[in-house]
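Remarks on the structure that follows.
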Amino acid sequence: MIDSIKKIIKNYPNNEKIIIKGWIVSNRGNKKIRFINLNDGSTVKNIQIVFNELNFDLEEIEKWKIGSALEVQGIFKLTPNAKQNCEIEALSAKNIAPTDDNFPIQKQEINLETLREIPHVRHRTNIFRSIMLIRSTLAKEIHNFFESEGFLYVHTPIFTTNDGEGAGEGFVIKDDIKNGFFPKKTTLSVTGQLHGEAYAVGFKKIYTFGPTFRAEKSNTKRHAAEFWMIEPEVAFYTLKEDIDLADRMLRFVIKNTIEKHPDEFQFLDEKSNFKLLENLNKFLNNKLKVIEYSEAIEILSSASDKFVEKNIKFGIDLATEHEKYLVDEVFLSPVAIINYPKEFKAFYMYLNEDNKTVAAFDLLVPGVGELIGGSQREVDIDKLIQRIKYYNISQEEMQWYLDLRKFGDSGSAGFGLGFERLVMYVTGIENIRDSIPFPRTFGSIKM
Ligand code: 4AD
Ligand code: MG
């Protein structure tokens, strides 16, 4: 088996023979010696291969282009006094898959907008290598976290007949009910929550992690039509326990991911306009701030001249500009806002004693805004029916959900974490289109 470059760089014995495969990142040198940097996607770092004139026709090697796949046999050398701490002295090498002149990734840096036009090759740049390596580890660490807390991993359906958020944002599968595949109107799921709630009654602690689809016509840096969402649901939990769970999960996942990717974080940290690692560590080392929605309104109304939407009073939904102001200018750290007015929150949220607010929270983070939305769920069937009517949701379609309350459901709480927004927060990348391999957003889909 051929070791990955990540492993080789870390601990390969000096002067040992080695075989390596990867793609050319750079090729430089002169008539006597050439240096090819090779990358195999296991790390943002490259390994330098040294070709000398005794063993190779250097004029031939000079023709090998960036992006080509190489197989190299050589001797591994530790080089503690050089810029990179190791290299491979090539004994033989084959260009197994040469690139042609059109390979778009070359030495000079390409901006993110241009790279968005070529999602099939953009991951062969350092920035996307770093983002996608971190994305992969974040996903694994999320599973590790829930495993460590004894959660059941449940696969909630993608086709559904329920509009789980009651916001009418489901992509419809087939309108023609008579000739369609399913006997009723079916959409792609906007959330796994309702089905997750059914499983929380019986399994107690469950989570889903799956693709989510929303036909929101918002062309912003943080909305995608297809994204991944993590949704835990825990029976008997209250809002406070729900927020604590979100907090624990974020700390576990971010801490472990930083530990596993020192080179990728170093690369991104140097690239970011702000102090990426310092900010993440600040979150890890401090207690999460929790404030009431009403407090958020007070803070915002005292700065109302800063916003396009200036009419700030109890009852308004917070706009992106408000959320950004709170995290980027007031708190400079993640903050959870709790107890929102019921008017603009989903039907399933627990109505507080005041009859005005629901036991919900949004967790906002710097640079992104809303990362998590969650709540304690309503258990009182009559209140649920009232809310369903208020939002014009079909009670018939929700009957199974209402029935849960008659079958041993004493209440639960859960949340939804937008996975791409987590990738944005952790990597410092500013546009959701750069946090997912093949983005689908309003008005845009490639390949
Ligand atoms: O706040 P949302 O709509 O909450 C729910 O879906 C609940 N059912 C969650 C639950 O309680 N189980 O969505 C949850 C999170 C948001 O905070 C956001 O991070 C992300 O999902 N999200 C999106 N991410 C990317 N593109 C979009 N269009 C998104 N819409 C929501
Ligand atoms: Mg939300």
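Fair warning: this is a prediction, and the values are worked out from it, not measured in the lab. Atoms within a ligand are numbered from 1 in the order they appear, just like the ligands themselves.
Listed by atom number, the atoms of ligand 1 under 4.0 Å from G418 heavy atoms are 15 (C), 19 (O), 20 (C), 21 (O). Residue R222 has at least one heavy-atom neighbour below 4.0 Å for each of these atoms of ligand 1: 25 (C), 26 (N). Listed by number with element, the atoms of ligand 1 under 4.0 Å from a non-hydrogen atom of I432 are 25 (C). Under a 4.0 Å criterion applied to the non-hydrogen atoms of E216, ligand 1 contributes the atoms 27 (C), 28 (N), 30 (N). Every atom of ligand 1 with a heavy atom of F415 under 4.0 Å away is listed here by number and element: 9 (C), 10 (C), 11 (O), 12 (N).
Contact annotation: for Y348 versus ligand 1, heavy atoms closer than 4.0 Å belong to the side chain alone. Only the backbone of L371 comes within 4.0 Å of ligand 1, counting heavy atoms alone; no side-chain atom from C-beta on gets that close. At a heavy-atom distance under 4.0 Å, atoms from both the backbone and the side chain of E370 approach ligand 1.
Here the shortest heavy-atom distance to atom 11 (O) of ligand 1, taken over E197, R440, R377, E233, belongs to R377.
Closest approach between the Mg ion (ligand 2) and any N/O/S atom of E370 involves OE2.
The protein atom (non-hydrogen) at minimum distance from atom 6 (O) of ligand 1 is R214 NH2, 2.8 Å.
Judged by distance alone, the side chains of E197 and Y401 do bring a donor and an acceptor atom under 3.5 Å apart.
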